[in-house]
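Input: a single structure, listed below in structure tokens.
Lettering of chains follows the sequences in order, A, B, ..., and the numbering in each one begins at 1.
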Amino acid sequence: MSDPFELPDPDEPDFTRAPAPRAGGIAARARAAMGQPRYLEVLNPEQRAAVEAVDGPVLVLAGAGTGKTRVLTTRIAHTIATGRARAHEILSVTFTNKAAREMKERIGALAGEVAEGMPWLGTFHSIGTKILRRHAELVGLKSNFTILDMDDQIRLLKQVLQAENVDEKRWPARQLSILIDGWKNRGLEPERVPAGEAEAFGNGKGRRLYAFYQERLKALNAADFGDLLLEGLRLLRDNPDVLAEYQRRFRYILVDEYQDTNTVQYLWLRLLAQASPDRPQRNICCVGDDDQAIYGWRGADVDNILRFDKDFPGATVIRLERNYRSTGHILAAASHLIAHNEGRLGKTLFTDGVDGEKPTVQGVWDSEEETRVVGEDIEQLQRRGQSLEDVAILVRATFQMREFEERFVTLGVPYRVIGGPKFYERAEIRDALAYMRCVAQPTDDLAFERIFNTPKRGLGDAALQLMHEHSRRERIPLMLAARALSETEELKPKQRQCVRALMADFDRWSSLIDVKPHNELAEMVLEESGYTDMWQKDRSADAAGRLENLKELVRSMEQFPDLASFLEHISLVMERDTDSGEQKVSIMTLHAAKGLEFDTVYLPGWEEGLFPHQRALDEQGRAGLEEERRLAYVGVTRARKQAKIYFATNRRIRGMWQTTIPSRFLDELPADHVDVVEAASASYGGYAASRFNSIDSFASTYNTPGWQRAQQRNAATGARSGATSGFGASQRRSGPQTIEGELVAKASATSSFQTGARVFHVKFGNGSIVGVEGNKLTVDFDKAGRKMVLESFVQKAG
DNA sequence: TGCCTCTCTCTTTTT
DNA sequence: GAGAGAGGCA
């Protein structure tokens with residue numbers, strides 16, 4: 001664990017002189033080997049050029065799977081080995097903690113102990129925090145400021161809205177938080193927000209609300225995520241001496257995923273990278289791929305990468321196009337698809353590897369069939385001995401995940417969902433953290449507000465109101481106000497007693513901070529406050545899991561030297577723990593998949609409206625479409641050996657069945673490199689039925705023999721396509737009459753099972769039926785709890 | 001305080 | 001159509 005405050009100061013009188021090599025350090029070793037360091041030998045010519053172009057501005061356009069991380073890490077090692085800079089003189093920023101961790105590990109493998117001394121390798125936010133804490137007073141904070149999560153942020157905004165008499169129903173705090181985040185991402189302080197935008201919220205009060213919120217943050221000695229960047233920028237902009245200090249310190253700057261930088265991040269980097277008297281060379285190296293820019297919707301600006309050479313004239317641009325991940329057909333498909341985008345810097349991936357199998361496109365009747373077909377396919381892979389770790393399902397939207405989960409539960413295929421609520425976002429974790437925050441910092445009003453009545457202590461809104469009033473009147477933190485109130489007659493006697501007891505508890509816990517190991521203290525706080533008890537008494541299904549999470553939290557505290565550093569990390573870094581060693585299929589969104597790779601990738605839901613998503617088109621127009629297309633590109637390029645694309649003819653959207661049109665992206669795949677799968681099931685015909693019947697179907701440019709065969713088949717069999725479907729006709733809005741007829745017959749068919757009957761399931765054991773819906777049964781299993789299972793998977797119990 | 005009902009939303013999400 | 005959040009009522 002490195003601390004910026006204890007770093008050796010890099011400000012030596014003579015900067016041009018190479019630092020003295022540390023005995024046994026990478027520099028020494030590299031020089032000893034001289035000439036041809038091993039780490040350079042393993043690179044291809046372009047990678048090597050990217051590593052060796054150390055001085056001056058460099059843009060590395062690294063296509064998917066071209067060894068980007070290798071280049072970044074080798075570059076760092078090389079910069080150090082050639083004596084250009086020491087580890088603490090290199091600023092290296094990433095977007096996610098995962099990326100930062102990975103880089104640290106790989107530098108460690110490459111350069112041994114040097115990586116330990118890379119204090120400035122981290123996410124934009126963590127580095128921003130580090131700098132901000134050092135100079136907090138310059139932006140009106142104290143160095144121990146708290147970092148608010150979204151929950152806190154919204155609660156605070158609610159208070160702001162109330163104080164300003166804005167109708168919370170018309171102008172929800174959530175929406176305001178999104179607005180403010182957006183402004184902060186664009187580097188806009190309240191006074192700089194364009195008038196029109198600011199007035200659009202809260203009857204023209206947008207700017208005032210934003211400004212007031214910032215005031216409240218300062219009063220609470222708190223910063224939200226956006227502030228970590230925006231205040232960091234303001235700090236550098238308004239304090240030339242501070243800026244100069246960091247410009248001097250960071251002799252080399254590296255940026256990962258440059259295409260995802262937003263405006264504040266861009267401005268911040270540009271300030272730091274500016275030429276200065278101490279450092280005439282602007283040694284900044286940005287690595288990215290404009291084709292993988294998929295975060296425009298949260299403020300990332302692809303233009304940052306597109307105009308790099310204008311920001312840094314004379315920049316060296318290096319393209320990495322040799323792909324080491326995917327087969328030829330997969331690359332060809334992805335390249336052809338992304339070529340439909342305009343405004344690219346342009347790259348063409350190639351591989352020396354095999355052509356491999358062509359990506360497949362398969363039409364299915366509905367989402368149910370989609371999950372079934374994918375599920376069966378995965379079982380087949382499994383039988384052939386492929387590890388499920390190498391299999392992923394990448395969806396556009398999270399609602400698609402649930403159906404796959406249900407299917408896998410039915411089939412008994414182990415899976416994991418990546419993404420979803422983070423460990424520290426769970427209510428019980430936040431509550432526990434709030435307790436610890438109160439113990440560590442009695443001035444943390446938001447934390448206190450969160451837990452003062454959790455577990456229930458008979459202190460409600462009225463009590464909170466009183467405390468707030470008192471706190472404002474006396475200008476003291478909430479907890480002190482509570483303490484003061486407990487000595488007056490204002491609270492009911494019972495409440496007074498409660499508050500007094502709680503304060504006594506906090507006093508006791510706080511006094512133990514330096515005495516007791518912090519994980520033991522945490523356990524004690526959770527016990528004595530009655531919090532653990534609350535969940536033990538809770539009879540809901542997830543209570544046990546929550547208790548388990550709390551234990552996990554306490555366990556994880558051991559890795560940190562003290563409570564303060566634990567709290568610092570939890571808000572910025574903590575992630576959900578990886579699970580057991582069992583091999584599992586991964587289910588995640590396309591966004592979450594960036595940077596990952598799998599042998600086999602399933603890409604379901606390629607339909608107009610879902611992918612590309614209608615809202616992206618409506619709200620962002622052409623830019624939205626191009627971002628969706630990049631998302632498709634990201635999806636396909638995740639596959640090493642096999643990419644399987646699906647589209648359903650019918651999908652339930654907002655509870656209503658809708659006939660859908662295959663995604664335009666399908667037509668943008670090169671016919672020569674894609675196989676259209678003719679499903680064994682007759683329901684494939686459903687696709688053509690929808691396409692030919694659909695009102696605004698667009699012209700297909702598809703001409704492969706397989707495609708034409710499929711269409712001919714549809715002409716013949718399309719009419720009975722609904723036979724395999726299990727959903728009710730009444731829910732359908734349009735479609736061929738015959739299909740409706742068959743569906744009615746199917747839907748009205750009664751199950752041979754009845755509510756109350758006892759059944760047996762191979763995986764879940766015995767249980768009682770509590771509901772019947774078509775061929776699906778809801779069963780309360782004696783051991784496994786309530787599950788929905790297909791009728792065909794259970795037997796009547798003896 | 002807690003429960004019930006009404007209303008609203010329903011893309012992606014890191015820090 | 002489902003789930004969350006807010007508001008009303010006992």
Side-chain angles (χ1 to χ4, degrees), chain A residues 93-100 122-129 147-150 152-154 158 167-170 172-175 177-178 181-182 184-185 223-230 232 256-257 260-262 264-265 293-300 394-402 418-422 424-425 427 453 455-463 494-495 568-575 588-595 605 609-620 624 627-628 630-632 634-635 651-658 727-728 731 773:
Chain A
V93 274
T94 63
F95 273 83
T96 62
N97 292 303
K98 202 170 144 228
T123 62
F124 276 101
H125 289 84
S126 68
I127 287 170
T129 308
I147 299 166
L148 300 192
D149 58 26
M150 263 187 10
D152 294 326
Q153 193 188 3
I154 287 177
K158 279 185 183 163
D167 179 10
E168 266 186 82
K169 277 201 114 160
R170 263 195 78 199
R174 241 212 121 69
Q175 203 185 321
S177 84
I178 291 167
D181 277 348
K184 287 183 176 176
N185 281 338
D224 64 17
F225 281 121
D227 283 341
L228 299 179
L229 303 174
L230 183 54
D256 191 14
E257 306 276 14
D260 287 334
T261 43
N262 61 31
V264 220
Q265 289 161 337
I294 54 175
Y295 285 110
W297 52 272
R298 66 175 200 215
L394 310 182
V395 298
R396 176 63 184 83
T398 45
F399 74 79
Q400 293 171 267
M401 294 186 186
R402 203 190 313 161
I418 295 180
K422 293 273 170 300
Y424 65 85
E425 282 168 1
N453 196 30
K456 300 266 179 287
R457 301 190 171 91
L459 302 168
D461 277 351
K494 217 174 171 185
Q495 294 183 323
E568 167 86 15
H569 274 250
I570 197 91
S571 49
L572 285 174
V573 180
M574 180 103 176
E575 280 170 47
M588 68 188 95
T589 62
L590 287 159
H591 284 90
K594 192 162 77 155
L610 176 59
F611 193 35
H613 200 279
Q614 195 57 46
R615 246 176 98 169
L617 303 183
D618 291 347
E619 288 169 14
Q620 307 288 326
E627 185 155 311
E628 295 286 298
R630 291 193 289 268
L631 206 45
V634 167
R651 191 171 293 276
R652 193 151 64 170
I653 294 164
R654 286 178 209 164
M656 249 187 318
W657 283 100
Q658 301 205 308
F727 64 75
Q731 291 167 303
E773 188 193 333

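Nearer to the 5' terminus of DNA chain B, by closest-nucleotide assignment, is the contact made by Ala397(A) (compared with the other of Leu228(A) and Ala397(A)). Both Arg615(A) and Asn453(A) lie close to DNA chain B; mapped to their nearest nucleotides by heavy-atom distance, the more 5′-ward contact belongs to Asn453(A).
Per the geometry, CD belonging to Glu619(A) stands 9 Å off P belonging to dT11(B), to the nearest Å. dG3(C) atom P lies 6 Å from atom CZ of Arg402(A), rounded to whole Å. Put simply, NE2 on His569(A) is 14 Å from P on dT15(B), counting in whole angstrom units. Rounded to an integer number of Å, the gap from CZ of Arg174(A) to C1' of dT13(B) is 11 Å. In this structure, Arg396(A) places its CZ atom 7 Å from P of dT12(B), rounding to the nearest Å. Regarding Lys494(A), its NZ atom lies at a distance of 11 Å from the C1' atom of dT1(B), rounded to whole Å. The distance from atom CZ of Arg630(A) to atom C1' of dT11(B) is 16 Å, rounded to the nearest whole Å. In this structure, the CG atom of Asp181(A) is 11 Å from the C1' atom of dT14(B), given to the nearest Å.
Scanning atom types as modelled, no donor and acceptor separated by under 3.5 angstrom connect the side chain of Arg298(A) and the base of dT13(B).
dT13(B) and dA2(C) have their P atoms separated by 23 Å, given to the nearest Å. Comparing the P positions of dT12(B) and dG3(C) gives a spacing of 16 Å, expressed to the nearest Å.
In this model, the phosphate group of dT15(B) is not approached by any side-chain N or O of Thr129(A) to a distance below 4.0 Å at OP1 or OP2. Here Lys158(A) reaches the OP1 or OP2 of dA6(C): one of its side-chain N or O atoms lies under 4.0 Å away. At least one side-chain nitrogen or oxygen of Asn97(A) sits closer than 4.0 Å to the OP1 or OP2 atom of dT15(B).
When side chains are defined from C-beta on, Trp297(A) does not count as touching Arg615(A), because their heavy atoms never get closer than 4.5 Å.
In this structure, the aromatic ring of Trp297(A) is positioned over the six-membered ring of the base of dT12(B), centres within 5.5 Å and planes within 30°. With its ring centre under 5.5 Å from that of the base six-membered ring and a plane angle below 30°, His613(A) counts as stacked on dT11(B).
We find the CG-CZ distance between Asn262(A) and Arg298(A) to be 9.0 Å, quoted to the nearest 0.5 Å.
When distances run from any side-chain atom of Lys456(A) to the nucleotides dT13(B), dT15(B), dG2(B), the shortest one goes to dG2(B). Side chain of Met150(A), nearest nucleotide from dT15(B), dG1(C), dT11(B): dT15(B).
Contact annotation for Asp224(A): no contact, since no heavy-atom pair falls under 4.0 Å across all strands. Within 4.0 Å of Gln153(A), counting heavy atoms only, lies no atom of the nucleic acid at all.
Under the side chain to side chain contact (heavy atoms under 4.5 Å, CB included) rule, Phe124(A) has a single partner from Thr129(A), Asp260(A), Val264(A), Leu229(A), which is Leu229(A). Of the candidates Gln620(A), Arg396(A), His613(A), Glu628(A) forms a side-chain hydrogen bond (donor to acceptor under 3.5 Å, both in side chains) with just one, namely Arg396(A).
The closest donor-acceptor contact from the side chain of Gln400(A) to the backbone of Ala397(A) lies under 3.5 Å.
Nucleotide dT11(B) forms no Watson-Crick or G-U wobble pair with any nucleotide shown, as no partner meets the under 3.5 Å limit on both distances.
Heavy atoms only, all atoms of each residue included: Val93(A) and Ile127(A) are closest at CG1-CD1, 3.6 Å.
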